[in-house]
Amino acid sequence: MAWRNSGRVKVLNRRSSRMAVMAAAVLAVCSFAAVTMAQLEMDFYSKTCPNVEEIVRREMEEILRVAPTLAGPLLRLHFHDCFVRGCDASVLIDSTAGNVAEKDAKPNLTLRGFGAVQRVKDKLNAACPATVSCADVLALMARDAVVLANGPSWPVSLGRRDGRLSIANDTNQLPPPTANFTQLSQMFAAKGLDAKDLVVLSGGHTLGTAHCALFSDRLYNFTGLVNDGDVDPALDAAYMAKLKAKCRSLSDNTTLSEMDPGSFLTFDASYYRLVAKRRGIFHSDSALLTDPVTRAYVERQATGHFADDFFRDFADSMVKMSTIDVLTGAQGEIRNKCYAINI
């Protein structure tokens, strides 16, 4: 009995040590985030480009008037930027003969909105030459995309600088749509984001569409049996039939499906009702039901009575995400063209 107790103590000590290390890591990330927030300022361009937000909003209104389906992609572009090398606009850089950039990595091949970002950057360059970074442009455009889709607004602190590196292999930091909850929570934690941020930011899937190739493994060949019955049991059967009617095979790389059917152009909380009914389109959506914290959030929002809370939470999480590992001061540069580093 004494031996068993001793072993139990050792196990507990090891667990305590691991928890202490994890706590220290989270504290370090949070401390860095606090310093980053202090370096960004709401009025950063008050003297050098005082109308920056007005210019961005005006252009965004015109962009979404002509192409309303770009709201989701522009939000996604900001997310994919911040999770790789921080919010430094590295996702916008083109590949060169000697380097494959992030935008040409597999997770980013379906990204859209690059031309819209450069359009806004050109307008800003005309008003305030070589002043506003592409990273700040993208942060403002993502916020305005949500607002113009009837979603919440949030304050965007400014002063980000643009990175000079963009490496395709770095996109392994992006949470894939096939991830389970453990993988998702670890990848979010690495960026200083917690389980609540995970479930809240997933709500961004209320906007936009997804290519069949990103979820068709749930419809066909789920476990490798290669037959029509080899499907993901976590997906509602009726919804699966509708998805199969659109996505005819595993090799379909062109067909799009609305992530929030019937509401994909409007930012709202209806995404959570879908997830609660096992109709989340990605593995990562279904994974939110496998953890008690995120499941409780999904089920609460699924009632339809707490959308205001979701809007506030989304705004808070976007503020956190938009400050991940930003470059400030003399770091990086202010790119003239968002798709190429300055020479």
Side-chain angles (χ1 to χ4, degrees), residues 26 29-30 33-34 37 40 42 53 57 60 64 71-72 74-76 78-79 82-83 87 139-157 175 177 179 181 184-189 191-208 210 234 236 239 258-324:
V26 170
V29 170
C30 291
M37 282 295 290
L40 298 178
M42 290 299 301
E53 294 202 37
R57 176 62 64 89
M60 281 296 294
L64 294 184
L74 288 169
L75 177 60
R76 184 181 178 217
H78 184 40
F79 179 91
C82 291
F83 261 72
C87 308
L140 289 168
M141 290 180 71
R143 190 268 309 277
D144 288 354
V146 171
V147 171
L148 294 171
N150 298 324
S153 184
W154 58 89
V156 178
S157 296
F181 181 80
L184 290 169
S185 59
Q186 289 175 345
M187 298 181 92
F188 270 67
K191 304 301 177 182
L193 303 173
D194 58 24
K196 183 175 182 181
D197 296 313
L198 165 57
V199 68
V200 168
L201 291 173
S202 294
H205 289 171
T206 186
L207 286 178
D236 174 72
Y239 185 48
E258 297 173 8
M259 293 190 288
D260 188 354
S263 181
F264 78 108
L265 294 178
T266 303
F267 191 98
D268 54 33
S270 60
Y271 160 83
Y272 294 105
R273 290 194 288 277
L274 291 173
V275 175
K277 293 178 181 178
R278 299 191 299 118
R279 295 187 173 192
I281 202 166
F282 301 124
H283 290 273
S284 56
D285 296 323
S286 296
L288 299 177
L289 296 177
T290 65
D291 174 78
V293 172
T294 54
R295 184 186 185 99
Y297 193 93
V298 168
E299 292 176 342
R300 185 170 189 267
Q301 286 299 325
T303 66
H305 300 308
F306 303 99
D308 288 347
D309 291 348
F310 167 53
F311 275 33
R312 283 192 295 270
D313 292 340
F314 191 83
D316 290 344
S317 290
M318 284 300 295
V319 169
K320 289 176 66 176
M321 190 197 78
S322 67
T323 60
I324 295 174

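Hydrogens, waters and symmetry mates play no part in the numbers below; they use all other heavy atoms, side chains included.
Separating the CE atom in M259 from the CZ atom in F264 is a distance of 10.0 Å, to the nearest 0.5 Å. Here the CZ atom belonging to F83 is positioned 7.0 Å from the CG atom belonging to L201, to the nearest 0.5 angstrom. The distance from atom NE2 of H78 to atom CZ of R143, rounded to the nearest 0.5 Å, is 10.5 Å. Atoms OG and CG, on S284 and L184 in that order, are 6.0 Å from each other to the nearest 0.5 Å. Considering OG1 of T206 and CG of L274, their distance stands at 8.0 Å, rounded to 0.5 Å. F79 CZ to M318 CE: the interatomic distance, rounded to the nearest 0.5 Å, is 9.5 Å.
Taking both residues in full, the closest heavy atoms of A139 and V156 are given as CB-CG1, 4.0 Å, listed atom of the first, atom of the second, then distance. The shortest non-hydrogen separation linking S263 to D268 is OG-OD2, 2.5 Å. Across all their heavy atoms, A269 and A307 have their closest contact at CB-CB, 4.2 Å. The heavy-atom pair separating F181 from A195 by the smallest distance is CZ-CB, 4.5 Å. Taking every heavy atom of both residues into account, C82 and S322 meet most closely at SG-CA, 4.1 Å. Smallest separation of non-hydrogen atoms from A234 and S286: O-OG, 4.2 Å.
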Check the pair Y239 / R278 against side chain to side chain contact (heavy atoms under 4.5 Å, CB included), numbers first and verdict last.
CA-CA 9 Å; Y239 185 48; R278 299 191 299 118; over 6 Å; no
Step by step, would you call D236 with R279 a salt bridge (Lys or Arg N to Asp or Glu O under 4.0 Å)?
CA-CA 6 Å; D236 174 72; R279 295 187 173 192; 3.1 Å; yes
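L193 has its side chain out of reach of L198: every pair of non-hydrogen atoms, C-beta onward, lies at least 4.5 Å apart. Between Q301 and D309, some side-chain heavy-atom pair lies under the 4.5 Å cut-off. Between V147 and M60 there is no side-chain heavy-atom pair separated by less than 4.5 Å. Looking at heavy atoms from C-beta onward, D197 lies in side-chain contact with K320 at the 4.5 angstrom threshold. By the 4.5 Å heavy-atom criterion applied to side chains, F282 and S202 are not counted as neighbours.
Results of the side-chain contact (heavy atoms from CB on, under 4.5 Å) test with F267 over L207, L148, D260 single out L207 as the only residue that passes.
No donor-acceptor pair closer than 3.5 Å links the side chain of E53 to the backbone N or O of R57. The backbone N or O of M141 sits nowhere less than 3.5 Å from a side-chain atom of D144 that would complete a donor-acceptor pair. Under a 3.5 Å cut-off, the side chain of S317 and the backbone N or O of F314 do not form any donor-acceptor pair.
Side-chain atoms of T266 and N150 form no donor-acceptor pair, as typed in the model, at a separation below 3.5 Å.
Here D313 pairs with K196 under the salt bridge (charged side-chain N to carboxylate O under 4.0 Å, His left out) rule; sequence neighbours left out.
Taking the centre of each ring, Y272 and Y297 come in below the 6.0 Å mark.
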